[in-house]
Each structure stands twice: as C-alpha cells, then as structure tokens.
Amino acid sequence: MEFESDLNLKATELRLGLPGRDESEEQSSSCVKKNKRSSSEMDSSSEHQESGPSAPKAQVVGWPPVRSYRKNVLQQQKKPESDGSGMFVKVSMDGAPYLRKIDLKCYKNYFDLLKALENMFKCTIGVYSEREGYNGSEYAPTYEDKDGDWMLVGDVPWDMFITSCKRLRIMKGSEAKGLGCL
Amino acid sequence: MNPDPKKSKVLPSNLPNSNGSSHPHSLFPDEVLEKVLSLIDSHKDRNSVSLVCKDWYNAERWTRSNLFIGNCYSVSPEIVARRFAKIKSVRLKGKPRFSDFNMLPRDWGANVHSWLVMFAKAYPFLEELRLKRMTVSDESMELLAKSFPQFRALSLSSCDGFTDDGLKAITTHCGNLTELDIQDSVTVDVGGGWLSCFPENFSSLEILNFSSLNSEVSFEALEKLVSRCRSLRVLKVNENITLDQLQRLLVHAPLLTELSTGSFLQELTPRQYEDIESAFGNSKNLQVLSGLWDATSFYLPVLYGACSGLTFLNLSDAVLQSGELAKLLAHCPNLRRLWVIDTVEDKGLEAVGSSCPLLEELRVFPVDPYDLDHRHGVTEMGFLAVSRGCRKLRYVLYFCRRMTNAAVVTIVQNCPDFTHFRLCIMNPRQPDFLTNEPMDEAFGAVAKNCTKLRRLSVSGLLTDTTFEYIGKYAKNLETLSVAFAGSSDRGMQCVLEGCPKLRKLEIRDCPFGNAALLSGLKKYEMMRSLWMSACNLTMKGCRLLAREMPRLNVEVIKDDGSDEIQADKVYVYRSVAGPRQDAPSVVLTL
C-alpha cells in the first residue's frame, strides 16, 4: 500500500528472499530482528508517536541518521506553514446563520485580511488603533488563540497572529467595546 | 625498520659529542632532539617520529603534551601513563558514531572515570580535556574539578551521564576555567544551578556553551558572569534565554566572535526591538551565529547588522521558509559554512547558490525525518543550484527524498573539491527519481571526480557496482558509511581491497556476510574500527575473526529475541589493551 503511491519502488527494490512473495512477509523475513528492534526501541527512541498510520517499513531504528536531540527540537517546531496545505480557520459572524472558512496564508497582512472579511460578510470593520481597538466600527474582528483566549485582531505582529490564531469571530461593535478599552 | 637511518648517510663518526647522547653516531644530543620535537604538534607527525628509532621514540614521548586517542578502548590508561610523561591536554573519543542514533544499549561503556583516575596520578598538571561520545558521571566531574589545579578547558561533545551536581563541581572549583563547552549533550534534564556556582570574583571565562542543555539558569547570575569576563569571545546560551535577555548580554560582550542565541520569538515593544537591533549592529566581530529557535520573518531582521562578517551561520534550529532565508543570506556575503533545515526547500537553496559564492560547507537537515508522506523538503534541484553558485564546496551533508544520478554527476563536475560527501536519500533503497535505476553512477562520479574525498556516506538503491567504483577510485577515503546498499559480499570486499587509507567503516542493513567480513582480516588492524549491524554475519564468522586476529576486539551486541546464530550488531576495533573489562552483559567479547 505504501509503495503504490511511491516511486515504483516495488518494481526495482532489491530483495533478499525469493521473488513473488508478499511485501510484508518480505519485510519480516529479511529483517526479522529489525522489526523486533523497531517495536521495542520505538518507545524510547522516538519521542513522537505520530497520529498518522505507520506502515511496517516506516520506522526503522536509527534511520534516517538524525540525532535524537535534534529530533526533539524539530518536533516542537512543527509550524502550520510547513506542511504547505494552507492555514484554514473558521470565521463566524454574530448574526450570520452559518460559518465560513478562510486560508490565512492567502493574506500578507492585517489590511488584506480585514478587507477580505469585509467583502465576505458585507460588513464594515473599520480601522484598528492600539488604544481604541475598533471603536466606532459596526463590527470588530476577534480571534481565539492557542491558549484558548479571545483576542482582538491587530494587537500582535502578523506572523505571530497567523501562527496562534485558531478561529475568528466577528463580533458586534457594541459587544467588542469592552475589549478595545483594555 | 632501519634502526638508525643516519648510518646510511656519509657522516663523520668521530663528531664531538659532549652532551651525553646515548648513541655514538647520533648527530643530535637528546636535549636538542627534544627541543626540536617539542615544536611538532600534529599527533600524526609525532606518531611517525616515534617509529624512527628508539632514541626518537623516547624523545617524542618525553615531549608530547597533547594526547589524542580516537578510540578509548584501543589503549589502556596504564599503557598511556607508562609511555607519556608530560601530558597537558587530552582528546578522547568513546562510543562508535551509531550511538548517536540510539543503536547502542545505554550502558555500553566509554566511561571516562578510569582515565581520570590515571590522569590524576600521572598528569596532575592537566589543563584541557575534550571528550566525545563518552559517559561522564558526576563523580568523575568532581574528581576532575578537584585533581587538577591548572585545569582550564572542558569540552564535552555528545556526552552523557552527568547532572547539575557534576557541573556545579566544575564551576565551583575550577578557578582558572577559560572554557566550558557542552555540545549535543544527551543528558536532557540538567538543572541550571551550576551557572550560579562560579565564584563572585571569577572572570577568566573565554568560551561558554550550554546551548544544548535544557536547564533554566539564573539570568541574573549569567548577566553578572558575562559582564565580569572581559575576555569572553564565545557565548552560546540555551533556548530559555529570551530576546531581551540576550540584548542585555550582548551589551556586556561586544567582542563576541561566536554567538548562539536563545529563543528568537518574543513579543517585543518597538523600543526593545530597536535595542536588540542595535546590540546586533554593534557586534562587529561576530563570525559564528547559531540558535535562533522559533525565528520568524518579523524578528530575523534584527540580525542583519551583525551579518557582514559571518563565516558560519547555523540555522539548524530555525524553521525558515525560502523567502526568509533569501533575505537573510543577502546580508551574509562572507559565509563559508551554512547549516539549514529543509523547509527552505529548493528555492531557498537557489538563494544560497546566488548569495554565497565563498561557501565551503552546506548541511541540510530534515524538519521531520519520519514523516514519509511529507512530499516537501529539498530535491536534486536545490543541490544543483548550490553547486552552480558555490564552486568551492568541499563539505556537504544533504538529507532529501529525491535524487538523480544525472544531478550528482553534474554537481561533482561543478564542485570537484569535495572532501566530505554525505548524501542521505531518506527512503531506504530508493532508485534514481527519473530513471528508476540504481544510484551507482552518482557515487561512481563522486569517487572518480573528487580525488580529495576523505569521507563518504552513500544511500539510495545501490548495487555492488557502487562499491567497485569506490574501491577503484576513492584512494584517499578514510570514512565510509553504508546503509541498505549492495548486492553481495563482493561489494564490501571491493572497498576493503581498494581503499588504502580506510580507517572507519560503518555498515547497516546490507547483504554482506562472513565472507565479506573475513576478507578484511589484515585490513582491520590498520583501521580504527568496523561496525556492521543487521547484515548477514553469524557468531561463527565473528568467532573466526576473533581467533585469527588476537589484536582485534570483536564485540557482538545481542538484541532481545535474537537467536544464537546471527550476529546482529558487530563492532570490531584494534586494541593493544586486550578485551575490555567493562562491557555490559549484552555485549559479548569474542
């Protein structure tokens, strides 16, 4: 299953056993100890147990030859951007019957994002100010961050925002007043 | 061996010789010989000198002050103490390299303690100790701290076994310390109290590196330390130090030549941003920069002012995209060495090719080595782009999921000066991406074109042809790493027969068996070590090797659940000290 999507590995792979045998059987016959080692050492040596499926061939002890301390660092660093599949977050607007979804990676800055939201929901969000927030606007954009707190959009640098934003909510201006005054 | 080469020269044999030389034909009195030899530093040269004749052997051993032992089990502390009299600095290496990848049991060995006990007796004036892949207990550190009044420099690379207590002993007692350098430490949980144990008036530190320790040190103590140590030129802090803390440290140490930052992500006020920017701007002497955890495009620009003199930029802890890298590199025209993570992708490597014409070393690490579905990272295109722009490339370590023979052939035509070529195609036995053929031609080209090649790591789908090429052309090869490659014993035999300078051979998951192992009988005594795991070796073959070659230690590491016939992990090394006495039960010495 692994190989069908791969680079025709199956056809050219060198085998140590007889031809015509099943893939997984092949694996276990030529590398019987390797698999055993894999399962017993995996818990101690690989700190992450990926949520995705691991085919029998996936985890080989000590391969690729990357040092374990480095593995730790890299695991912590998995930023959403790096999987290239977009950063979709749900957007709700008070009073709207259903939610929308947008890809934060499509925008370069707050200006672009707010303009897009205004277009999508046919509303006016107005201008952000550090002191007043979106005071005076009909709507104020807020977001839920990684810690679960609701924040006003625009307070932190853009890069920090897109990595910490989990979902957006466009609040009625009157309700958001409290946030802006802090 | 000619006992006295001077006998063959035309020399007056009645030359006046009043300084007590032991040999009547010797031109040099001992004292003169020793004076001359004391100027020779290289341990390789010294080893040659010691083979000339007995006089020279003695003169050399009396004058050697730097001791280098590449395999701590190749010789014993007692033998060393008997031979050398005046050792001031020691470099000692322990475990085989594959221990970095969790392939050795935890208590395998390479404990430094017995060496320290000997050093304390024989070399009380020891000043420097540099260890790699050794176990260092707190007890050993205490012994070290208290036994050598002139001790100045401790460097631990990939070592384990110590805690905060051990480090505390060092910082408390070593009043003349100029260097404390802990790299790639395997000990994860080391407290941070050690840093606060430097005495109040202690100011001699020049090198401080704790970047790989997880400990949380007292920033107050660190700041005071940095401001006291006016000669500090290397400062490498760990991830727990924040950006604005870093700014305060930089202000105290404008002469730094090497810096590793802490976390590079923090909500800074505009004022703080300016401060850190100007601190970097004032660090005009920076040549080496690393750390930069969590760096983003917003904060990277604070570095720009410090980049013009950079020769080594280590971004292997910073997950950057291509654009961020390109912008940063535009400020680093003098880069000789660059380490990056493969999130910069081929586009980022194009920027490397165009911005870094002086580049000699490139290492590209995978952001997620185990994510097989991750179709990103770098490919042959990125490597090609670098080779076009960086013709002086000599060292490469490249992790990728895609490579072609044609690309590698072009790359080594562009850059024939490679001394270290380490290519890791991460999916085992993967063929040429375009042609589906084995990668034999790629490594054949490397062996043929790169006449200065000293270190080679091969990967991808490889037949015995690769090893025929290596044996035929790689005449300067010293270190070879092989994984999931080869078709038969012949592959390994070609390498053993063909590479005269081979010193380290590490092999895993290859179809090489007893015949291959035994074909290198004579060779292994001229090498430092051989590692073979998950190959086709049996206990019988290993026993035969051990029996035929008594000056080799043949060690087999047994894994759980393996049978009595297969030899799973075999480590062979030459030794004048005989079999080691400290092997754990899973290690059989044959």
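Every chain is numbered from 1 and lettered A, B, ... according to where its sequence line falls, protein lines coming before strand lines.
- In this structure, the side chains of A/P65 and B/C424 come closer than 4.5 Å at one or more pairs of heavy atoms.
- Counting non-hydrogen atoms of other residues, nucleotides and ligands closer than 6.0 Å to CZ of B/R490 gives a total of 12 or fewer.
- With a 4.5 Å cut-off on side-chain heavy atoms, B/E324 and A/D159 do not count as touching.
- Contact check for B/T296 versus A/M160: no side-chain heavy atoms found under the 4.5 Å cut-off.
- A/R67 has its side chain out of reach of B/F365: every pair of non-hydrogen atoms, C-beta onward, lies at least 4.5 Å apart.
- Between B/D509 and A/W63 the shortest side-chain heavy-atom distance does not fall below 4.5 Å.
- With sequence neighbours left out, B/F399 forms a ring pair (Phe, Tyr, Trp, His ring centres under 6.0 Å) with no residue at all.
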